[in-house]
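The structure appears below as structure tokens.
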2 protein chains.
Amino acid sequence: MSTKNALLEVTARLFAEYGWRGTTTRRIAEAAGVNEVTLFRHFGSKAVLLAEAIHCQAEADSPPPLPAVPTDLRSELTGWATNHHRRMREHRSMIRTCLAEFEEHPEIAPVAAGPAMESMADVVRYLTAARERGMIAETGSLEAATVMLMNALFMDAITRDVLPGCPVSDHDAIDLFVDLILRALGAAEAT
Amino acid sequence: MSTKNALLEVTARLFAEYGWRGTTTRRIAEAAGVNEVTLFRHFGSKAVLLAEAIHCQAEADSPPPLPAVPTDLRSELTGWATNHHRRMREHRSMIRTCLAEFEEHPEIAPVAAGPAMESMADVVRYLTAARERGMIAETGSLEAATVMLMNALFMDAITRDVLPGCPVSDHDAIDLFVDLILRALGAAEAT
DNA sequence: GCGGCATGCAAGCAGGTACTTGCAATTGTG
DNA sequence: CACAATTGCAAGTACCTGCTTGCATGCCGC
């Protein structure tokens, strides 16, 4: 089974870097140290191999959870955001490629977007629980706050290496984003 | 000069949809209603044509300005954000492709990122002026607020068609994002 | 030892890729 | 009218693309 796994792993890596068209069967075989025919004997076609490789990559990536009961909003959200940000950062190449490839290969969108949707729902749940406990103000859309925070983290993780002129440093960004969200939601704490 | 312009326009469109590798000289020529050799006679190579096409596209896209003197934060920011969002939405295909292509063709990054950086500086300037006039609170990072708002708008414009499960509707997103930023910055107004 | 099974190797197929060459037709300009 | 620039057309180059075929080699369980 090692050959198959090696092919899947190498294919995911090449796809992230070169996209669908740029990931040729010759390149895959060479990078995996395997003859090209072996690839076709295992998967039948390039399309099947690529789909399977992307699927595996996304599956191995379950989103980090937030506590069931909120206690310290700032530290819990910051910890979650740091974790989430790091994971997206690690996969930024794959994510960018999937975003661009969506137009020609829409079938890869749901599998790539799944984890993000789960995380989104988890954050909304967490903030709702916090509001029920009076830890944040009564007004302000929790859904919008969640989307805004996740969008900001997502963008930062994915484009920081492309747009080097960002006026917020890599190191501070997450803390500042969480701080702004807590301010926006009127979190009852001192800073 | 019409042939040259037609080629540039068609090339930008095809690049946004199919990426660098997918934009073949045959396809460009066919879509422009021009013989393939004409393309090479004008630009010499595919690389030159693509670079020029992307450059033109980005150049024609100057960012919308904010007022020099802030008067109504909410309406001015909402107007600006709506405009900015619409423009990014129109170019989402091109932006996604450029993001993915950055790895193989880093030379297209600065030209594509330029307008966004200008907008970013403009918003920071606007918010700084507002703070000087006492329209928002003294604390909270204006740079972080700007990055967060722009990241949120950017992501929404670029991925809404890819991630259909967003819990915030298309129509409300901009108002809600601006509302959260104003809350975070302690804007002195009633809502 | 022997029959499957995975793999390698060499070659090839039909089509696509960027790009070139040579020549004819058109068009606008002096 | 004559000349030059622009374009089209047909063909061709060398290479890459996904994919197939035929045959040889090693390995592992019976």
Between A/His42 and C/dA6, does any side-chain N or O lie under 4.0 Å from OP1 or OP2? no
In this structure, how many angstroms lie between the P atom of D/dT6 and the CZ atom of B/Phe43, rounded? 13 Å
Distances under 3.5 Å only, N/O to N/O: pair up the protein atoms with those of nucleotides 24-27 of chain D.
none

Show the atom names and distances, to 0.1 Å, of all donor-acceptor pairs under 3.5 Å that link a side chain in residues 142-152 of chain A to residues at least two apart or in another chain.
| unit_1 | atom_1 | unit_2 | atom_2 | d |
| --- | --- | --- | --- | --- |
| A/Thr146 | OG1 | A/Leu142 | O | 2.8 |
| A/Asn151 | ND2 | B/Ala152 | O | 3.1 |

Please report the distance, rounded to the nearest Å, between CG in A/Leu49 and P in D/dC19. 10 Å
Salt bridge (Lys or Arg N to Asp or Glu O under 4.0 Å) partners for B/Arg89, two or more places apart: B/Asp170
Could you name each residue pair satisfying salt bridge (charged side-chain N to carboxylate O under 4.0 Å, His left out) that touches residues 29-55 of chain B, not counting sequence neighbours? B/Arg26-B/Glu36
Under 4.5 Å between side-chain heavy atoms, chaining through other members, with only Ile, Leu, Val, Met, Phe, Trp and Tyr counted: pull out the rest of the cluster around B/Leu8, sorted by chain and number. B/Leu7, B/Val10, B/Leu14, B/Tyr18, B/Ile28, B/Leu39, B/Phe40, B/Phe43, B/Val48, B/Leu49
So how far is it from A/Leu50 CG to A/Glu101 CD, rounded to the nearest 0.5 Å? 9.0 Å
Nucleotide C/dG16, atom C1' - distance to NZ of B/Lys46 in whole Å: 12 Å
By side-chain hydrogen bond (donor to acceptor under 3.5 Å, both in side chains), which residues pair with B/Arg92, not counting sequence neighbours? B/Asp161
Enumerate the protein-to-nucleotides 8-11 of chain D contacts in which both atoms are nitrogen or oxygen and the separation is below 3.5 Å.
| unit_1 | atom_1 | unit_2 | atom_2 | d |
| --- | --- | --- | --- | --- |
| D/dG8 | OP2 | B/Asn35 | N | 3.1 |
| D/dG8 | OP2 | B/Thr38 | OG1 | 2.4 |
| D/dG8 | N7 | B/Arg41 | NH2 | 2.7 |
| D/dG8 | O6 | B/Arg41 | NH1 | 3.3 |
| D/dG8 | O6 | B/Arg41 | NH2 | 3.1 |

Separation of atom CG in A/Leu39 from atom P in D/dT17, rounded to whole Å: 13 Å
How does the hydrophobic cluster around B/Val69 look, that is, which other residues are in it when side-chain heavy atoms under 4.5 Å mark a link? none
May I have all residue pairs that pass salt bridge (charged side-chain N to carboxylate O under 4.0 Å, His left out) and include part of residues 146-156 of chain B, sequence neighbours excluded? B/Asp156-B/Arg160
Tell me, which pairs form a ring pair (Phe, Tyr, Trp, His ring centres under 6.0 Å) where one or both residues lie in residues 100-136 of chain A, sequence neighbours left out? A/Trp20-A/His105
Heavy-atom contacts under 4.0 Å between residues 10-30 of chain B and DNA chain C, which residues? B/Thr23, B/Thr24, B/Thr25, B/Arg26
Whole Å only: how far is the NZ atom of B/Lys4 from the C1' atom of D/dT7? 15 Å
With sequence neighbours left out, which residue pairs that include part of residues 127-141 of chain B fulfil the side chain to side chain donor-acceptor pair (under 3.5 Å) condition? A/Arg183-B/Thr139
salt_bridge(B/Asp179, B/Arg74) N-O dist < 4.0 Å: yes
